[in-house]
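Here's the structure, in C-alpha cells; my notes come after.
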Amino acid sequence: MKYDFGAIEANWQHRWEAERTFGALNPGDDKFDPAQPKFYILDMFPYPSGVGLHVGHPIGYIATDIVARYKRMQGFNVLHPMGYDAFGLPAEQFAVEHGVHPRITTEQNIANMTRQLKQLGLSYDWDRCFATTDPDYYRWTQWIFLQLYHSWFDGAEQRARPISELEQMLAAGNMFVGIGGDLVPAAVKGFEPLGGEPIGTRKWHELSSEQRGAVLEDHRLAYMAEVDVNWCPALGTVLANEEVINDGRSERGNYPVYKRPLRQWMLRITAYAERLLDDLSLVDWPEPIKLMQRNWIGRSEGAMVDFTITSASADGASRGLGGSCRDDEPGDIVTVFTTRPDTLFGATYMVLAPEHPLVDQVTIDTQRDAVGQYCRDAARRSEIDRAAEAKTKTGVFTGAYAVNPVNGESIPVWIADYVMMSYGTGAIMAVPAHDHRDHDFARTFDLPIIQVVEPSAAGDCDIRNGAYEGDGVNVRSANAEVSLDGLAAPEAKRVITEWLAGKALGRGQVQYKLRDWLFSRQRYWGEPFPVLHGPDGVAIGVDESELPVELPEMDDFKPTASDDPDALPQPPLARAPDQWRRVDRDGVTFARELNTMPQWAGSCWYYLRYLDAHNADRFVGKEAEAYWMSSRKKDGKPHAGGVDLYVGGAEHAVLHLLYARFWHKVLYDLGHVSTPEPFGRLFNQGYIQAYAYTDDRGVYVPAEQIEEKGGRFFHQGRPVRQEKLGKMGKSLKNAVAPDEICKHFGCDSLRLYEMYLGPLDQDKAWSTKDVVGQHRFLNRLWRNFVDVETGKLLVSDDPPGDDLRKKLHRTIKRVTDDVERLSFNTAIAALIEFNNELVALDRLPRQVAEAVVLLLSPMAPHIAEELWQRLGHDRSLAYEPWPGYDQDLLVEGQVEYPVQVNGKLRGKILVAADADDEAISQAALGDPKVASALAGKSIHRVIVVKDRLVNFVVR
RNA sequence: GGCCCCGUGGCGGAAUUGGCAGACGCAGCGGACUUAAAAUCCGCUGGCCCGCAAGGGCCGUCCGGGUUCGAAUCCCGGCGGGGCCACCA
C-alpha cells in the first residue's frame, strides 16, 4: 500500500474539523483545566487578498503551527487563532478594480484564503476566527476609540485617565489652565514658565463652556485638530507619517504626498513616547525591531533656547545680555531646539522653517516679497522634491536679526527649507562650525563661521573645509557670567543649560521625533467614527449603546482620486444617504463624522478579541483576558506578559507594532487589560523569494512557464533573462500557489520543505523542484512502517537494541531542542538521519515507531496521524505527551577524540568516557599517525579538552 | 551619508560555548530494476596533487592583517550583498 497523501490529508483535515480537535478552552468552559499552563501563539493576520496565498505566505503560519502542536503535546493549553485584516486600501482597491462591493469581494477572498489555510493542515481554533470588517468586531474597535476620546494623559502620573477626572480636578480647583492650554497642578505654587513672568492661569469657573470644551479637547487622546497632514491626491486620502516613505511618497502605491493643513482626527500617541520607549526593555523582541522603534520615537536630549528678534534697523548688539531688556520692549521671541547647547557661542545665524508661524511677523518690509515667494515655492513642492534637492541649500534672508542670548551678538534670521516645521520648534540656531548642514548653508550664503570646539585629539582640523562634529573641548565660549572654555561637550551642555535656565532664557528639553497619529482616512472601506458633530461644530462621542455605527450601503464607494496637489480630500461617506448622515438627538440634528479609521485600527487589538471572540457584552471578557495574557515568567523580573509568541514579517516594525502597543497601553491604564505590553515575544520570519524572468523588452514573464536548458532560460522557446531574487508576487510574476504543491506532493511535504529551507528568520529562495526531497523522505518513512505490497504494519513488539535506543534518545533530544529554538531545518535533518537508520530494519520496534511518529507530528501532522492510527490508536495524537529522553542514554561509553598536532588534525582515538586527561593524551600518543607526526619533534605542551579534542603543541 | 545585519561546495544550508568545516537536502555522476521512461533503490560527490590500489599530502569558510595551543566563529582594515533611517538641529 503506497503512501497516498491525498486521501490521508483530506481524511485527517476532515476529522480535525469534525472533532474540533484544536478548539482551545477558556476559563469557565467545561473541562477547562486551570492547572495547565497556557501558551498564546499568534500569527500576524493576513489581508484577504484577491489572488489568494502564494507559498511565501504560510512560512510563518507553518512555523507557529509546529510550535502550537508541540506545546499541546507538552501539556500546554494552547491558543492558536487566525483571522482577517479586511478593512483598508487593498480590499477597497480590489473591489474598485472588479466593480464589486468590497463586502462581497472581502467575503469571497476570505472564503478562498480559509480554504487554502485549511488545506495546509494548520491547527487553528477556527471557532475564534473573525474579520475586522465584521460589525460584531468593529463595534468594539469603535468602543476602544471612544475610550481614547474619553481619556486624557496625566503627565504627572504618566498614564491615561478618564477625561471626567480631569474635568473634576479642574472644577475642584486642583488644576489651572495655563496660557497655551497647558495644565498646571495647583500643588506647584509659584509655577513660572519661561521668561520668569507670572503665568496667566485661569480657574475652571472663569472659562466659558466653549473654552472648557476646547480645553478638554486639547487633552483628549483622540482629538480633532488642524495640522499639517500628509495628503495623497492619487489615493484620495490623507496618510499617517508611518505610511509615508522616503519622506514624500505613499507606502502603498508610491504616489507623491503633500503637506496640507487640514482638520483631522488625531491620536495622542506622543503622550506615550517615553513609555513606548522604556517598555521595549520588557519585551523579548529582535533587537533590530526594537532599534527601529527607538529610532522612530527618536528621543533626543537638548535645550530650548529663546532668541529675541530685533528689526534690521535696531541696533541688536546694544541690547546687552538677552532677557533683561524684554520688559521695556518685548520683541518677538523665537525658541529653538538644539541638541548642542554647548555650541551656542558659535551660533552665527538663525533659520526658520518656511511654515514657521512667525515668518510673517519677523520679515521686514523690503524682504517681504522674496520671503513670500520662497515660502510659497516650498509649500508647493512635495517633501520628496525637497529631499531630492537636499544637496543644494536654498534660503532667503528675512531682514530681521536675533540676539544670541549668551553673548548678545546680533545674528541674521533666515528662512530655509532644510529646517522642518515638523521637528523641534521649526526654528534652529545655526552653528556652521559644528554642523555640516549649517556649514553648507553658511558657505552658500557667505555667513560667518566661528569655531567653538577644539578637537581633543591633536590633529589638523580646518573648520573652513567642513564642520567639526566630533568630540573636543570648548573655546571662545565665555561671557561675563559663564565660561565653557576647556569643558568637554557633556559638561559644557550641563553648564550652559543651567545658566540659561537660571536666566530664564532656556531650559533642558527632551524632544521626540514621534508625531501624533493622523487617524482619519477619506475611504469608504473602514470603520466609521462613533462621533457626531453638533450644529455648533462641537463633536460628541455616540453612546456606547448605539454601537456599532455600521457602514451605510452605498453603490458608489470609490475614493475621489486626483493628480492635482491642490485638490481637497473628499470622504466617500459624504455621498451616503441622508438618513445615515443625519442623526436627531432631542430635536437637534447632528451630522455623522464622514471620515473612516485607517487600516491599522482593526489590527491594533485583534489579538485581544481572539481570547473571547463571541463576547457580546465586552470587547474581551476579564477572566479570559487575565488568563491568556498573563505572564508565564515567574522569576520576579518585570516582564511584559501578553502573547507568548507573535510571528510575522519585519515590515510592521513601526506601523502595526507601535500602534498596537499604544492602544494596549491606553487600555492598560484604563484597567481594561492586565499587561503593559501586548506581545511579550516577537519573532520575524524571513521572506520566501523567487527568481523572476524578463524577456528582451525587460517585461516580466511568468516564472512558472520558464524552461531551463544548460544554465540558460527560455519562455515559449525564446531566451529570457533571470533577474535577481525577489519577493514573490504579482508584479514579478514569480508567485507559486500552495494549491499546486499540495496536489503534487501533499501538504506535509510542502510544510517540511518550507521549514527545511533554512533558518526561519532568514530570507530564502523558493525552488519547486527541491520539494521532492521532502516527499522522498516521507515515502521512505512510510515504507519503514508499512509494507507497500500488503499494507501490513512493519512493527514488532520487541524492544529496540541498545544501539538503536541510544540513537532514538539522541534524536529525541535533538528534535526537542531544535523545536524549542525554532530551528526546524535541523530538527527535520535529525529526523531524516534517524529514519535512514531505520531502513536497515525489517521491523520497527513499537517503542521506536511511536516515538518517531510523535516527533514528526508537529511538522508533518497528516502522515503522523495516519501512522499513529495504524499503530492501533483511535484518538488523534494531538494531545499525546511529547516523547522524553533518558539523559543516561545520551552518554557514550567511549568518546572519539580528534588529535591535532599544532592545530592540524593528525588522527582520531577512541577513549573510555571516564578516562582522565593523562590517559587520553597517552592514548593519543599511542595512535600510529599521531606518533609519526610527532616523530623527531619535542612536545612543548599538551592540550586536552574533555569530550572535545587533544592538541599537541610541538617545536 | 549614518546606523544595523550578512558573506561557508554547483545550489539551500549545518557546525547551539573559540575545538574534527561542509551534517541533511537539491542538483550532478556511476550502478541496480525496467523494452523504455518516470518513480524507487545503492554508491560517489569542496579544490588541487601523489598512487594501479589501499591510502596519503597540500590548500580551503569573501580578501588582508591580528589575538590564541587552536578562528567559519573574537578583534582591526578592506571588498561585496541586504535592511532601516535619511537635512530630526
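Within every chain, numbering begins at 1; the chains are lettered A, B, ... in the order of the sequence lines, protein sequences first and strands thereafter.
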[X] side chain: which of [options] is closest?
X: Leu905(A); options: A89(B), G19(B), C20(B); answer: C20(B)
X: Arg783(A); options: C69(B), C58(B), U40(B); answer: U40(B)
X: Arg776(A); options: G19(B), A23(B), U40(B); answer: U40(B)
X: Leu291(A); options: A27(B), A89(B), C4(B); answer: C4(B)
X: Lys393(A); options: G19(B), A89(B), C87(B); answer: C87(B)
X: Val953(A); options: C69(B), A89(B), C20(B); answer: C69(B)
X: Val839(A); options: A27(B), A89(B), C42(B); answer: C42(B)
X: Asp435(A); options: G19(B), A89(B), G25(B); answer: A89(B)
X: Glu896(A); options: C84(B), G57(B), C20(B); answer: C20(B)
X: Ile428(A); options: C69(B), C87(B), A89(B); answer: A89(B)

Whole angstroms only, please: what is the [atom1]-[atom2] distance between [X] and [N]?
X: Lys946(A); N: G19(B); atom1: NZ; atom2: C1'; answer: 15 Å
X: Lys937(A); N: C69(B); atom1: NZ; atom2: P; answer: 19 Å
X: Ile297(A); N: C84(B); atom1: CD1; atom2: C1'; answer: 15 Å

Should [X] and [Y] count as an ion pair when the cut-off is N to O under 4.0 Å?
X: Asp4(A); Y: Lys2(A); value: no
X: Arg814(A); Y: Glu833(A); value: yes
X: Lys764(A); Y: Glu754(A); value: no

Heavy atoms under 4.0 Å, any strand shown: does [X] hit a base, just sugar-phosphate, or nothing?
X: Lys929(A); result: sugar-phosphate
X: Arg515(A); result: nothing
X: Ile943(A); result: base
X: Asn836(A); result: sugar-phosphate
X: Ser300(A); result: sugar-phosphate
X: Gln900(A); result: base

How far, in whole Å, is [M] from [N] if one measures between their [atom1] atoms?
N: U61(B); M: A15(B); atom1: C1'; result: 11 Å
N: G9(B); M: C5(B); atom1: P; result: 22 Å
N: G70(B); M: G82(B); atom1: C1'; result: 33 Å
N: G22(B); M: C26(B); atom1: C1'; result: 15 Å
N: G7(B); M: C74(B); atom1: P; result: 10 Å
N: G13(B); M: C50(B); atom1: P; result: 35 Å

*What string of B, S and - do you get for nucleotides 5-15 of chain B 5' to 3' if you count protein non-hydrogen atoms under 4.0 Å?*
-------BSSS
Mind checking the [atom1]-[atom2] spacing from [X] to [Y]? Nearest 0.5 Å is all I need.
X: Phe777(A); Y: Leu752(A); atom1: CZ; atom2: CG; result: 6.5 Å
X: Tyr512(A); Y: Leu277(A); atom1: OH; atom2: CG; result: 6.5 Å
X: Thr348(A); Y: Ile450(A); atom1: OG1; atom2: CD1; result: 6.0 Å

_So, OP1 or OP2 of C69(B): does either fall under 4.0 Å of a side-chain N or O from Arg941(A)?_
yes
*asked:* When both hydrogen-bonding distances must be under 3.5 Å and the geometry is Watson-Crick or G-U wobble, what is C69(B) paired with, if anything?
replied: G19(B)
*G2(B) pairs with, by Watson-Crick or G-U criteria that keep both distances under 3.5 Å*: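 The base-pairing partner of G2(B), which may sit in any strand shown, is C84(B).
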*For the student: nearest non-hydrogen atoms of Tyr687(A) and Ala650(A), plus distance*: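 Looking at all heavy atoms of both residues, the closest pair is OH-N, 3.9 Å.
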*pair Met44(A)-His652(A): side-chain heavy atoms closer than 4.5 Å*: yes
_For G56(B), does the O4'-C1'-N9-C4 or O4'-C1'-N1-C2 angle fall within 90° of 0, making it syn, or is it anti?_
anti
*May I ask you to check whether Phe441(A) and Tyr349(A) place their ring centers less than 6.0 Å from one another?*
yes
*asked:* Is it the case that C20(B) (base atoms only) and Lys908(A) (side chain only) share a donor and an acceptor within less than 3.5 Å, ignoring hydrogens and angles?
replied: yes
*asked:* Assuming nearest nucleotide by heavy-atom distance, tell me which of Gly424(A) and Ile832(A) is located more 5' along RNA chain B.
replied: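 Whichever sits nearer the 5' end wins; that is Ile832(A).
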